[in-house]
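Comments concern the structure below.
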Amino acid sequence: MALKLYGIPRSRGIRNIWMAYELGIDFELIEVAPGATGSRKPEYMAINPNGHVPFIDDDGLILWESLAINLYLARKHGGPLAPQTLGEEGQAMAWTAWTLTELEPHAAQALYHTVMYPEPERDPAKAAAAIAGVAAPLDVLEAALVKGGGWLVGGRFTVADLNAFGAAFYLRGTPQVFEGKPAIKAWMAACRARPAAARAFALRGD
Ligand SMILES: N[C@@H](CCC(=O)N[C@@H](CS)C(=O)NCC(=O)O)C(=O)O
């Protein structure tokens, strides 16, 4: 049975769509919008009680959390995106945890308060705090990319890059945060230029 992916391209589901295309796996996209009109309906809350998308049903295995889903898919299907050693697996998990704790909370606020919320709901003070909040993790990311030859793990594009890009992409409304960060700029362009990324982002109209 094909993997079922619940979500829409204009949600964190884009991360899993991109991953599925990278891996070349068949999947069925079940379009469930975030919020009351979709993910919080009783039939979807029964599958993911958190009320969010994305989530997957992989032949009866239910998983939520977009970045954990990607680690699972990489491990299941293998190939160059997947960690090849225990050390790489540890690094991929570390970058994924870093993405969720160090970068995404600030990056999401930056997105909400610059481009995502309707203008009357945007708070410039929250945008400024978010911009300040991403400074330290972006310094860490820049240094890691320089040291790693342009990639986070193993000198090649892996699930760690895809997951971290998922949060860095939230900084599209605040491009000033990338000033003086040539390695991050080059990395983002290289991630985005991948055929699987182009195919996935095309579903958003991006
Ligand atoms: N940490 C979760 C966050 C999931 C999440 O917050 N999804 C948003 C859409 S991108 C959502 O479903 N929001 C609707 C809601 O919570 O009602 C993940 O990465 O999957």
Practice item. With side-chain contact (heavy atoms from CB on, under 4.5 Å) as the test, would you mind laying out the steps for Lys4 and Tyr6 before giving the verdict? Key: CA-CA 6 Å; Lys4 289 184 184 165; Tyr6 295 79; 3.8 Å; yes
Show the numbers, then the answer: is there a side-chain contact (heavy atoms from CB on, under 4.5 Å) between Arg156 and Thr158? CA-CA 6 Å; Arg156 65 187 193 283; Thr158 68; 3.8 Å; yes
The test is side-chain contact (heavy atoms from CB on, under 4.5 Å); show your working for Asn163 and Val159 and say whether it passes. CA-CA 6 Å; Asn163 279 354; Val159 61; 3.9 Å; yes
Between Leu203 and Tyr21, is a side-chain contact (heavy atoms from CB on, under 4.5 Å) present by the stated rule, with each step listed?
-> CA-CA 12 Å; Leu203 297 176; Tyr21 286 156; 3.6 Å; yes
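The existence of a salt bridge linking Asp206 and Arg10 is confirmed by a sub-4.0 Å separation between a basic side-chain nitrogen and an acidic carboxylate oxygen. With respect to the salt-bridge test (charged N to carboxylate O, under 4.0 angstrom), the residues Glu22 and Arg15 do not qualify.
The hydrophobic cluster containing Leu71 also contains Ile25, counting ILVMFWY residues as joined when their side-chain heavy atoms lie under 4.5 angstrom apart, directly or transitively. Under a hydrophobic clustering in which Ile, Leu, Val, Met, Phe, Trp and Tyr are joined whenever their side-chain heavy atoms come within less than 4.5 Å, directly or via other members, Tyr72 and Val153 fall into the same cluster. When the side chains of ILVMFWY residues are joined at heavy-atom separations under 4.5 Å, either directly or via intervening members, Ile56 and Val53 end up in two distinct hydrophobic clusters. Grouping the Ile, Leu, Val, Met, Phe, Trp and Tyr side chains by contacts below 4.5 angstrom, directly or via other members, places Leu5 apart from Trp64. Residues Leu3 and Ile62 do not share a hydrophobic cluster, defined by chaining ILVMFWY side chains whose heavy atoms lie under 4.5 Å apart.
Evaluation of the ring-ring contact (aromatic ring centres under 6.0 Å, His included) rule for His113 yields Tyr117 as partners, not counting sequence neighbours. Partners of Trp98 by ring-ring contact (aromatic ring centres under 6.0 Å, His included), not counting sequence neighbours, listed by chain and number: Trp95. Scanning for ring-ring contact (aromatic ring centres under 6.0 Å, His included) contacts around Tyr170 gives an empty result, with sequence neighbours left out.
Distance alone, capped at 3.5 Å, places no donor-acceptor pair between the Asn50 side chain and the His52 backbone. Between the Asn48 side chain and the Phe55 main chain, no donor and acceptor come within less than 3.5 Å of each other.
Summarising the geometry of Ile14 relative to Pro9, their closest heavy-atom pair is CB-O, 3.3 Å, with the distance given to 0.1 Å. Taking every heavy atom of both residues into account, Pro54 and Ile69 meet most closely at O-CD1, 4.3 Å. Residues Cys191 and Asp161 approach most closely at SG-CB, 4.4 Å, considering heavy atoms. Taking each heavy atom of Thr99 and Ala164 in turn, the nearest pair found is OG1-CA, 3.4 Å.
With rounding to the nearest 0.5 Å, the separation of CD in Gln109 from CG in Asp123 is 9.0 Å. In this structure, CD1 in Ile17 is found 14.0 Å from CZ in Arg12, a value given to the nearest 0.5 Å. Atom-to-atom distance recorded for Trp18:CH2 and Leu162:CG is 4.0 Å, nearest 0.5 angstrom. Between the CD atom in Glu119 and the CD atom in Glu121 there is a gap of 11.0 Å [rounded to 0.5 Å]. Atom CD of Glu142 is separated from atom NZ of Lys147 by 14.5 Å, given to the nearest 0.5 angstrom. A distance of 6.0 Å separates OG1 in Thr96 from CG in Leu67, rounded to the nearest 0.5 Å.
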With a 3.5 Å cut-off and sequence neighbours excluded, list the donor-acceptor pairs that the side chains of residues 171-185 form with protein atoms.
{"unit_1": "Arg172", "atom_1": "NH1", "unit_2": "Phe169", "atom_2": "O", "d": "3.0"}
{"unit_1": "Thr174", "atom_1": "OG1", "unit_2": "Leu171", "atom_2": "O", "d": "3.3"}
{"unit_1": "Lys181", "atom_1": "NZ", "unit_2": "Asp139", "atom_2": "OD1", "d": "2.9"}

Using residues 73-82 as the side-chain source, report each donor-acceptor pair under 3.5 Å to any protein atom, sequence neighbours left out, with the distance given to one decimal.
{"unit_1": "Lys76", "atom_1": "NZ", "unit_2": "Asp58", "atom_2": "OD1", "d": "3.4"}
{"unit_1": "Lys76", "atom_1": "NZ", "unit_2": "Asp58", "atom_2": "OD2", "d": "2.7"}

Donor-acceptor pairs under 3.5 Å, side chain of residues 26-47 to any protein atom, not counting sequence neighbours: which ones?
{"unit_1": "Ser39", "atom_1": "OG", "unit_2": "Gly35", "atom_2": "N", "d": "2.7"}
{"unit_1": "Ser39", "atom_1": "OG", "unit_2": "Gly51", "atom_2": "O", "d": "2.7"}

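Between Arg122 and Thr114 there is no side-chain heavy-atom pair separated by less than 4.5 Å.
Note: Phe165 and Phe201 have perpendicular aromatic rings, judged against thresholds of 30 and 60 degrees for the angle between ring planes.
For the residue pair Asn16/Ser66, the side-chain donor-acceptor check at 3.5 Å is not satisfied.
Enclosure of atom CG in Leu86 is not indicated, since only 12 or fewer non-hydrogen atoms of other residues, nucleotides or ligands lie within 6.0 angstrom.
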